[in-house]
Protein chains: 2
Amino acid sequence: MTDNPTSLRPTRQRRAITEALADAADFQSAQDIHDALRHAGDKVGLATVYRTLQAMAEAGEVDVLQGTGGESVYRRCSTHHHHHLVCRSCGRTVEVTGPAVETWADAVAREHDFAEVSHSLELFGICADCR
Amino acid sequence: MTDNPTSLRPTRQRRAITEALADAADFQSAQDIHDALRHAGDKVGLATVYRTLQAMAEAGEVDVLQGTGGESVYRRCSTHHHHHLVCRSCGRTVEVTGPAVETWADAVAREHDFAEVSHSLELFGICADCR
DNA sequence: CTAATTGCAAACGCTTTGCAGGTCC
DNA sequence: GGACCTGCAAAGCGTTTGCAATTAG
C-alpha cells in the first residue's frame with residue numbers, strides 16, 4: 001500500500017552506520033566504518049556494514065566511488081562536494097572543487113536527457129615535491 | 001627521446017597485449033584482454049597479462065580506471081579522449097567529450113604544481129528510456 | 001651467459017552469501 | 001507472530017606473488 005521504495009528498518013546498527021557516515025567528512029570504505037564503529041563501542045558485524053551501505057547506496061542515501069584498491073568508498077550525499085587531485089608518486093591528496101565541471105556535467109546530462117546525474121572525477125599527477 | 005623509461009623487454013606476449021589494447025576501442029579489463037588473446041591464438045598467462053598491464057600503466061603507456069566491479073580497466077593512451085555517461089538503470093553508455101573539463105583539469109594541475117596530470121571522469125544518471 | 005620474463009598455482013584482500021538466531025512492529 | 005535484520009564463517013572474485021623453467025640480448 002504505502003509505497004516504500006526501500007524498506008529499511010531503522011535498527012540500532014543502521015543508525016550507528018548512518019552516524020558514522022555523518023561524522024566522516026570524506027569517503028570511507030566499509031571496513032573504515034566498521035573500524036570506526038567498533039572504536040566507538042558500537043558492535044556491528046562487518047557483513048552488516050556491507051549490506052547496509054549497499055542498501056543505502058541503492059536507496060540513493062549515499063554516493064559510492066571505487067577506491068584504487070578495488071574497494072568501494074561511501075559518503076553521505078549531503079557532504080560538501082569536491083574532487084581529489086592525487087599524487088601518483090607519494091599519494092598526497094589535495095581536495096579541489098570544480099564549478100566548471102559541475103556545470104558542464106549538468107549540461108551534458110540535460111543534452112542527453114539523463115536525470116539524477118552524479119559524477120565521479122579524480123585527477124592524478126606528480127606533485128611538486130616528487131619532481 | 002626514444003629512451004626507454006622502464007626496462008620493458010619486448011617479448012611476444014607483450015606485443016600481443018599491446019596489439020590487443022590497440023584493437024580495443026574502449027576500456028578492457030585484464031581478463032578481457034586475456035580472453036581476447038586466447039581467442040586470437042596467442043597463449044599468454046593471466047598473471048603475465050596482469051603484470052604487463054601494470055607495468056605499462058606505471059610507464060604511462062596506458063590509462064587505468066577502476067571498474068564498478070572492483071576490477072581495473074585499461075586503454076591505450078593514444079585513444080581519442082572522452083568520458084562516459086552511464087545509465088544506472090539499463091547500463092546504456094554515451095560517450096561525451098568535455099573541453100571544459102580538460103581545460104579545468106589542466107588549470108587545477110598548474111595551480112597545485114602537479115605534473116603529468118591525467119584524470120578519470122564518469123557521469124551516472126537515468127536515461128530517458130528508463131524514466 | 002645473465003638478467004628479465006613467463007606460467008602455474010597458491011595466497012590475498014575485499015565483498016557477498018547461506019543459515020540459524022535475534023529484533024522490530 | 002511474521003517479516004526483516006544480524007552475525008558468523010565460508011565461499012566468490014579479481015588480483016598478486018613465489019618459484020622454477022624459459023627466453024631475449
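Values in this document were obtained by computation on a predicted structure and should not be read as measured data. Lettering of chains follows the sequences in order, A, B, ..., and the numbering in each one begins at 1.
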Exercise for the section: Check every atom of C:dG7, D:dT15, C:dC25 against the side chain of A:Pro10 and return the nucleotide holding the closest atom. Expected result: C:dC25

Handout entry: Between D:dC13 (P) and B:Asp32 (CG): distance, integer Å
Key = 16 Å

Practice task
Output yes when at least one side-chain N/O atom of A:Gln31 is less than 4.0 Å from OP1 or OP2 of C:dG13, else no.
Solution key: no

Exercise for the section: Whole angstrom is fine here: how far is it from OH in B:Tyr50 over to P in C:dA11? Expected result: 19 Å

Completion exercise
Here the distance between atom P of D:dT22 and atom CZ of B:Arg12, to the nearest Å, is 16 Å

Fill in the blank from the handout: Which of C:dG7, C:dT16, C:dG18 is nearest the side chain of A:Arg51? It is C:dG18

Practice task
Give a yes or no on whether the backbone of A:Gly69 and the side-chain of A:Glu71 come within a donor-acceptor separation of less than 3.5 Å.
Solution key: yes

Practice task
Indicate whether OP1 or OP2 belonging to C:dG7 is found under 4.0 Å from a side-chain N or O atom of B:Gln13.
Solution key: yes

Handout entry: Step-by-step ring-ring contact (aromatic ring centres under 6.0 Å, His included) determination, A:His84 to B:His119
Key = CA-CA 10 Å; A:His84 291 139; B:His119 60 270; over 10 Å; no

Exercise for the section: To the nearest Å, give me how far apart CD (B:Glu71) and C1' (D:dG12) are. Expected result: 14 Å

Completion exercise
To the nearest angstrom, the CD1-P distance between B:Ile33 and D:dT15 comes to 11 Å

Practice task
Could you tell me whether the phosphate oxygens of C:dT6, OP1 or OP2, come under 4.0 Å of any side-chain nitrogen or oxygen in B:Thr11?
Solution key: yes

Practice task
Establish, from distance only, whether the side-chain atoms of A:Thr103 and A:Asp106 form a donor-acceptor pair under 3.5 Å.
Solution key: no

Fill in the blank from the handout: When rounded to the nearest 0.5 Å, the distance separating CD of A:Glu102 from NE2 of A:His82 is 11.0 Å

Handout entry: Closest-nucleotide ordering on DNA chain D, the 5'-leading residue of B:Arg15 and B:Ala30
Key = B:Ala30

Exercise for the section: State whether B:Arg38 and B:Asp42 are salt-bridged, where the test is any N-O pair (Lys NZ or Arg NE/NH1/NH2 against Asp/Glu carboxylate O) under 4.0 Å. Expected result: no

Handout entry: A:Arg9 (side chain) and C:dC24 (base): donor-acceptor pair under 3.5 Å
Key = yes

Exercise for the section: Indicate, with a heavy-atom threshold strictly under 4.0 Å, whether B:Ser29 touches base, sugar-phosphate, or nothing. Expected result: nothing

Exercise for the section: Would you tell me if any nitrogen or oxygen in the side chain of B:Gln54 comes within less than 4.0 Å of OP1 or OP2 on D:dT15? Expected result: no

Practice task
Determine, stepwise, if the pair A:Val44 / A:Arg12 fulfils side-chain contact (heavy atoms from CB on, under 4.5 Å).
Solution key: CA-CA 9 Å; A:Val44 181; A:Arg12 197 164 322 236; over 6 Å; no

Problem - Pairs where residues 23-76 of chain A contributes a residue and the test ring pair (Phe, Tyr, Trp, His ring centres under 6.0 Å) is met, not counting sequence neighbours - result: none

Problem - Atom-pair distance (CG on B:Leu53; P on D:dG14), nearest Å - result: 15 Å

Exercise for the section: Measure from the side-chain N and O atoms of A:Arg76 to the backbone N and O of A:Ala22, and report whether any donor-acceptor pair falls under 3.5 Å. Expected result: yes

Problem - B:His34 NE2 to D:dC13 P, straight-line distance once rounded to whole Å - result: 17 Å

Problem - CD on A:Gln13 to NZ on A:Lys43, rounded to 0.5 Å - result: 12.0 Å

Exercise for the section: With rounding to the nearest 0.5 Å, note down the distance linking CG in A:Asp129 to CG in B:Asp113. Expected result: 9.0 Å

Practice task
Please round to 10 degrees the angle between the axis of the first five pairs and the axis of the last five pairs in the helix from C:dC1-D:dG25 to C:dC25-D:dG1.
Solution key: 40°

Fill in the blank from the handout: Among C:dC14, D:dG25, D:dG7, the one nearest any side-chain atom of A:Thr48 is D:dG7

Problem - Atom pair distance, as rounded to whole Å: CZ in A:Arg14 and P in C:dT23 - result: 15 Å

Handout entry: Interface residues of residues 37-47 of chain A with DNA chain C (non-hydrogen, below 4.0 angstrom)
Key = A:Ala47

